[in-house]
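Keep in mind that the numbers below use all heavy atoms, side chains included, and drop hydrogens, waters and symmetry copies. Since we're looking at a predicted model, the values are computed, not measured. Remember, it's 1-based here, ligands and their atoms both numbered in the order they're listed.
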Amino acid sequence: MKKNEIFQTYEQCILNTYTRMPVIFVKGKGMMLEDLSGKKYLDFFPGWGVNSVGHCHPKVMAAVRDQIGKLIHIPNNLYHPAQAQCAREIIRTSFAGKVFFCNSGAEACEAAIKFARAYGQKKRFEIITMKNSFHGRTLGALTATGQTKYQDGFAPLPEGFKTVPFNDLQAVAEALTEKTIAVILELVQGEGGINIASKDYIQGLRKLCDEKDILLFFDEVQTGIGRTGEMYAFKHYNVRPDGMMLAKALGGGLPIGALVIQSGIADTFKPGMHASTFGGSPLVCKAALGVFKAIYSQKMLQNTKKMGKFILRELSLLKEKYAIIRDVRGLGLMIGVELSVPGQAIVQSCFEKGLLINCTHQNVLRLMPALNVTEKQAKKAIAILDKAFCELGGGAS
Ligand SMILES: *Cc1c(COP(=O)(O)O)cnc(C)c1O
């Protein structure tokens, strides 16, 4: 298919739910993407954080190639070694508990919502979530999402959700009722603009939830699997959740999601209460094992900490140079640059110069390079950003 035929076919045959950039990518390797015409791009936003170990990492490719010739799928009323190994690795790196496998972040959040309701035994069912959060697009996850722009037009939404301001412990305490069963939040809000939860807040939430026997869920769909420099962001807080949701980077590009539930309560779910046809298939579990191997073999957590600091420092220098940069913040390689103006023009300018970044919440540029990004690649990205700011008249401050 030629370029224009592809564009036309999308228009004719694919539901119009996305705003797409007019580019067709055909190859990826590490931090690089190549389009149909052979132009190369430095990818500082690999699939919303899906390709955290880089595109087509050799460890992921090897695992998938090995499995695909043996067995791709078996249903979940049977056993497979890869699912056992994958669950064990998630538990080993997080906390004592049990895993439910599904196919996406939204499904992991749905599983958490159902788990909370099951735990509430019909007496308690209210779930508290945060303003500017993001938990996915299915109806339950959408209702948990504290941004009305995603919900508009889809009423009636499921009952039993309350949204309170982020990083405000008092607001949670005031929203509690005798029907509250769970609190769900991201430790670093991704779509909401890279808002980092404070340590006091998270430790306070843990204490509050413990006192009232309320479940505390961390949605680590974006922060998990090394993104913040720890395997899971909760490790920065010295606090353990009752449940954790994973997806995005877990499968290295293959669709896998997971809900991890702490041991003491894991058996709330009994046979028949929840299910997924594809969840945790041999193929995706093998891919996830490949992702873990990739992270260990290249010491990516250390690199994420180091390069996260480096990029933040470089961006702070840009902040001194350009008045439109209001704030620079991040944890590991989950980095936001808040502007005083909409950020789409900067994203567009970077794109033309061969750098892929994202803009969320209108005015927050988001950078999430692969966890093995090098200093050279980071410098190149910063130089392109610098040029984009310069050209778009950011103005010296
Ligand atoms: C992306 C995301 C989701 C939804 O994941 P999907 O795989 O798109 O359903 C949920 N929670 C967070 C924090 C996310 O970043």
- Item | Residue contacts for ligand 1, heavy atom to ligand atom, distance under 4.0 Å | Ser104, Gly105, Ala106, Phe134, His135, Gly136, Glu186, Asp219, Val221, Gln222, Lys248

- Residue set satisfying side chain to side chain donor-acceptor pair (under 3.5 Å) with Thr228, at least two apart, ordered chain then number -> His236

- Task: Sort and list the pairs that fulfil ring pair (Phe, Tyr, Trp, His ring centres under 6.0 Å) and have at least one residue in residues 27-47, not counting sequence neighbours.
- Result: Phe25-Tyr41, Tyr41-Phe351, Phe45-Trp48

- Could you walk me through whether Asn363 and Ser340 pass the side chain to side chain donor-acceptor pair (under 3.5 Å) check? CA-CA 7 Å; Asn363 65 332; Ser340 55; over 6 Å; no

- Message: For Lys179, is there any backbone N or O sitting under 3.5 Å from a side-chain donor or acceptor partner on Thr177?
- Response: yes

- Side-chain donor-acceptor contact under 3.5 Å, Ser276 with Asn103: yes

- Query: What's in the same ILVMFWY side-chain cluster as Val221, cut-off under 4.5 Å, chained through other members?
  - Reply: Phe100, Ile113, Phe115, Tyr119, Ile127, Phe161, Ile181, Ile184, Leu215, Phe217, Met245, Leu259, Ile261, Ile265, Phe269, Met273

